[in-house]
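What you see is a predicted model; the values in this text were computed from it and never measured. Residue numbers start at 1 and run along the sequence shown.
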Amino acid sequence: MAVAEQVWIPDPEEVWKSAELLKDYKPGDKVLQLRLEDGKDLEYCLDPKTKELPPLRNPDILVGENDLTALSYLHEPAVLHNLKVRFIDSKLIYTYCGIVLVAINPYEQLPIYGEDIINAYSGQNMGDMDPHIFAVAEEAYKQMARFRNQSIIVSGESGAGKTVSAKYAMRYFATVSGSASEANVEEKVLASNPIMESIGNAKTTRNDNSSRFGKYIEIGFDKRYRIIGANMRTYLLEKSRVVFQAEEERNYHIFYQLCASAALPEFKTLRLGNANSFHYTRQGGSPVIDGVDDAKEMVNTRHACTLLGNYDSYQMGIFYILAGILHLGNVEFAPRDSDSCHDPLTIFCDLMGVEYEEMAHWLCHRKLVTATETYIKPISRLHAINARDALAKHIYANLFNWIVDHVNKALHSTVKQHSFIGVLDIYGFETFEINSFEQFCINYANEKLQQQFNMHVFKLEQEEYMKEQIPWTLIDFYDNQPCINLIEAKMGVLDLLDEECKMPKGSDDTWAQKLYNTHLNKCTLFEKPRLSNKAFIIKHFADKVEYQCEGFLEKNKDTVYEEQIKVLKSSKFKLLPELFQDEEKVISPTSATSSGRVLLSRTPVKPAKAKPGQTSKEHKKTVGHQFRNSLHLLMETLNATTPHYVRCIKPNDFKFPFTFDEKRAVQQLRACGVLETIRISAAGFPSRWTYQEFFSRYRVLMKQKDVLSDRKQTCKNVLEKLILDKDKYQFGKTKIFFRAGQVAYLEKIRADKLRAACIRIQKTIRGWLMRKKYMLFKYRKFLRRTRAAIIIQKFQRMYVVRKRYQCMRDATIALQALLRGYLVRNKYQMVRNNVLLLYSNFISTYLQNEAALCCPLGNLRARKIDEQVKLWENTWQSCIFFCSTTIVSFSFIVTIIYYVMSLTCHLITIMYLSCIFLNTFLGRQSPQDYHMLNEDGELWLVYEGLKQANRLLESQLQSQKKSHENELESLRGEIQSLKEENNRQQQLLAQNLQLPPEARIEASLQHEITRLTNENLVRAVMLLEQSWSLTSLSFYMLEFFVRNVEVSSSWLSGRYYNVFYFPSEVGQMENISPGQIIDEPIRPVNIPRKEKDFQGMLEYKKEDEQKLVKNLILDLKPRGVAVNLIPGLPAYILFMCVRHADYLNDDQKVRSLLTSTINGIKKVLKKRGDDFETVSFWLSNTCRFLHCLKQYSGEEGFMKHNTPRQNEHCLTNFDLAEYRQVLSDLAIQIYQQLVRVLENILQPMIVSGMLEHETIQGVSGVKPTGLRKRTSSIADEGTYTLDSIIRQLNSFHSVMCQHGMDPELIKQVVKQMFYIIGAVTLNNLLLRKDMCSWSKGMQIRYNVSQLEEWLRDKNLMNSGAKETLEPLIQAAQLLQVKKKTDEDAEAICSMCSALTTAQIVKVLNLYTPVNEFEERVLVSFIRTIQLRLRDRKDSPQLLMDAKHIFPVTFPFNPSSLALETIQIPASLGLGFISRV
């Protein structure tokens, strides 16, 4: 032991305290220098005899593990501390201890038992989920299906939660298996719980709902592992509670439920009242349980009785007997000379249906039978009270047995049982201040169970060693067989007790003396108290217990006067005699049934041959003897099954929620055998790692040269270097076995190596940062000096440049003045020359234009007009150039314009030239020259002249346009007449073709004449067309000039737009010439025949309907159709058949075909409903069929996107809206089935691929997992990875696309798939502590990013699928964010909007550091989160509903495919239908 080692030292208050070693321990030291966690120093003295060192503490990284066997140091303080950390800090009530599930009662309702939790644990391996009672139940259910019958043994002291654990185990079986019949057997099994709790449970000082009896329920299953029935055996009912309750305790619940319901009309005859009015219910002084409504519980009890077949008549009979017991307790015994009336006894006799006088007589007298005479002897008041109480206990015990028997009858099944799972809910080891016969029997039963438990644990250890081929050395473990022999062997405690009961004058004192004489100083397990002669001590496996002998004989005899029983048997009520009629046949009071049915748990035992007088002897068997026999039968049953153990722990005696009392907890851990399990494991090799897990965890300790391809050899080489003592570990076939403490040693080496690496990284980073800081400081100093130098240089350079600039500026101004004068003189000379040239050009242009305009109408005129326009343009281009290159006055320009106007008589030409000139000239002037141009009002004169010219042009335009329209109308009339003539000629030609050959020659001649006439007509029209073209050109020019005049006018009126209008098209009136309308003449030799025009319908005979459905639906293989044919072909074919039936107006045929189609689809989905391709194919075709019925329904809303041809195919006779609704419902069903199919396919992949598999290798290390090995996170062969999920998603998507599924529907399916992935992953994360770490959060976020990338690749980001992963994304972020300060808490609350409060708190509670450098979440931080989220209104449910299906919609998606073009392939075998 070295400095800083942490150890555990004993403490009277906390049992164990943690301390740190301050000084190295050396052999021979008698004192250890320690420092406690509170900072106090302590000298710890070692035991001088044993010199045993205090137990070492496990590394913090191992604290809080799911399995106690994962701890490196296995001992009592380590177990106690691990349970406390999980219970207090993480709010986890379940922990594994090898094969045992330790369950700590939280005394608080937890949301971890809902159906969603059951579904999460169903089908999972026991080690893959966090510890839970459902995990044990699933393991038992799974092993029953694989091997043989199973048993779940639930034990613990009163108030530890045994009954609740057993109840949840049965609920799990009922939920996951279901029943084999319609009788809902699983509901009946669960309904037995409230009945048995009401008659067998009571409030004690330790528990408000304590089971005062033991029970073993066998749940039977058929070959398909569905519940078929159940059977119950009970043990040692606490009958004394009926007549006596200690302070703060209650009688059985049923009595208080009756009193709370006394006001009900049917209970008036019971003459009940408040519970305080009866002696048997008021002794404890606590008739009410906080939070429990006895009247409401009574309703639940009666409902359960009804469900199990106990109808009102039987129920009232039971209530009469129970009420009679209460009234019997109020019977008082007066002195002999008193003759008072006993009202309670009268009520008792009325309720029981017996004679008052007889019952009163035998309550006060006793019958003594001797060999010769019979005496009737009065008894004392004390004996009478004891006899009354004995009678009450006997009646209640028999009623209890009768109810158990009838419950078994209700749960019995006629179906042959294949296997069963037994659930044993039995009392744990008990020790009180005063221990009597009941505690003796309870502890005796626990000794037997502990022996069976030790043997099973030992056997499992041996099997594990042999399987791994590790040398097996005998492990010494505590064998409690001597203690069992002391109790049950010949001349043992029970044997001597039975013998004393047979003695006429036997008493507790004489029995005690016999015990002393027989066992004292002869058996080491038997002792006598120093100060008592009426008690004895037995050393049980858990503790020493002192038993008081008083009352042992009476309780063992269980004496009831026979005369009183005879009076009850004579009752006029049917039920009461039934309670006693089979008493002689009952072997034990609670183990056998009176119905003669064979118990489900064992083979029937052949009864021994009856001997004379045996009946009376059997009737007088003692309670101890009966209990021993039933216990032996129980052990036989358990030994014939595979047991599973649940040990319930009571954390404190005050029922405070999540409060841990170390003293009470360690007492129960010692008593329930958990520490014995630890001791057996620690004696061998408790820590076990697979080779792959060891390599993954301790790869950091290996050098590169040590890593081989063979993982097993690599681990061997490394271990031989790390641990020199080869006895500390063993190599098995698949695992490495370590002695206790070796894993802690390896963890220390690993942590030291990582710490050294971190220090080196920190050192390097810090050095780099400091160097960078120093360089930055030097650089800043350099920058300051450089900046100062630059400023000085700047001002110096500025002065020099400024002086130089001023000199250059003065010289430049002088040069500019000289140059400008020279340029002005040159421009003046150029203006004079250009004016002279302009005069000569205008005169020659005018003469040429006059000659061109006088040409005749025709092609020459049009050509001349084009040449004229080009000539004008060339002329005015020179004018424009002149204006742009010279400086002239505006008056001079106006003079030129008016001179040109005087030379020509064409107003259009004048305006055209004026507009071009003015626009060009004025557009090139700057705004500063406008006032100079308009010195004498020239602009206004030009503006007025242009307005007058514009009005004149508009009037000419309107007149010419009107004449043109008249001419066009006449041409259209001629064209129409030509069309009619053409049609008439075609008809005549068709008639001639049918004539004989002789007449056909005459018709051909006539046709040739017609053709020549048409050609002449065409030539005439061509002349008209030329005339029309010329007119259009003139009209175009006129309109062109008018618009340019308008532009110029608008500029002159002050708008100054520098634009010129050029139309892009020649007119917008008519663009069809007569030459394009006239048809070509038809030659008689080439007349093609039209193909048959199909109407998009399919015709079939009525008798072929079944063949159609069979070939098209039932026998169709989706894969071949999807690959080779058009998507949705079956739907199109079916609709075309419906169209034809509608065309025929055959309503019977339409109805029959649609019904057969729907039934056929349902049938094929029922047959192949688990095949994704089949379901996807028919979902796609059903939707397409539905869309076709809408598209061709004739309703306007569905016809918007149809072509005219498709509108012709609409249904004409029938409205199929009702069938559309039926098809829509069918599509919803198919969609839900598709979701279930893909869920079943994805389910096995999700947890492994999203959580367990390390997509980013080496990020998270594997921690020790104990006996329940989890699934390896390394991808072995057959393990699902994220790539497996993505490949499956690709497969789903490609199949749906091949089937032609609507894109919107594909988006909905993808959204549902992603929801399932997110929900299942998050649910498993919330149930697995080992997955809640920083590194796992990083893995999850990477996996989610890969799924998002898949969505982007498939163009499905707008499907809403990403949003369904938001809870998972936020949970992963929660694992990675900082979790310390209030600011962190605020950030978490705002970030986790998609998570509920319960989920956030659960993740924080489960957060587990994987490395030494991670920190646990403080409890105070979790409390802060809860306070901040207390006002958030969200669901209290912990898990997401993975079975939730989003509502599906089918948006209308019309098809562009023309029905008449669809071809039917021969591969479909539909040759009996034909296209119409």
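At distances below 3.5 Å, not a single donor-acceptor pair connects side-chain atoms of Thr1321 with backbone N or O atoms of Gly1318.
Inter-residue side-chain proximity for Ile99 and His644 is flagged as unmet; no heavy-atom pair is nearer than 4.5 Å. Residues Tyr96 and Met126 meet the side-chain proximity criterion, which asks for heavy atoms closer than 4.5 Å.
Scanning for ring pair (Phe, Tyr, Trp, His ring centres under 6.0 Å) contacts around Phe87 gives Phe658, with sequence neighbours left out. Partners of Phe1292 according to the ring pair (Phe, Tyr, Trp, His ring centres under 6.0 Å) rule, which considers only residues two or more places apart in sequence or in another chain, are Phe1172. Remark: Tyr1407 pairs with no residue by the ring pair (Phe, Tyr, Trp, His ring centres under 6.0 Å) rule, at least two apart or across chains.
Of the candidates Lys753, Glu747, Arg750, Tyr698 forms a side chain to side chain donor-acceptor pair (under 3.5 Å) with just one, namely Glu747.
Comment: Glu693 does not engage Lys735 in a salt bridge, judged by the lack of any side-chain N to carboxylate O separation of less than 4.0 angstrom. Between Lys1336 and Asp1330 there is no salt bridge, since no side-chain nitrogen of the basic residue lies less than 4.0 Å from a carboxylate oxygen of the acidic one. With respect to the salt-bridge test (charged N to carboxylate O, under 4.0 angstrom), the residues Asp752 and Arg755 qualify. The pair Lys728-Glu720 does not meet the salt-bridge criterion, since no charged nitrogen lies less than 4.0 angstrom from a carboxylate oxygen. The pair Asp727-Arg739 meets the salt-bridge criterion, since a charged nitrogen lies less than 4.0 angstrom from a carboxylate oxygen.
Ring-centre distance between Tyr645 and Phe453: below the 6.0 Å cut-off. The aromatic ring centres of Tyr172 and His132 sit 6.0 Å or more apart.
With 3.5 Å as the limit, one finds no donor-acceptor pair spanning the side chains of Asn1343 and Gln1339.
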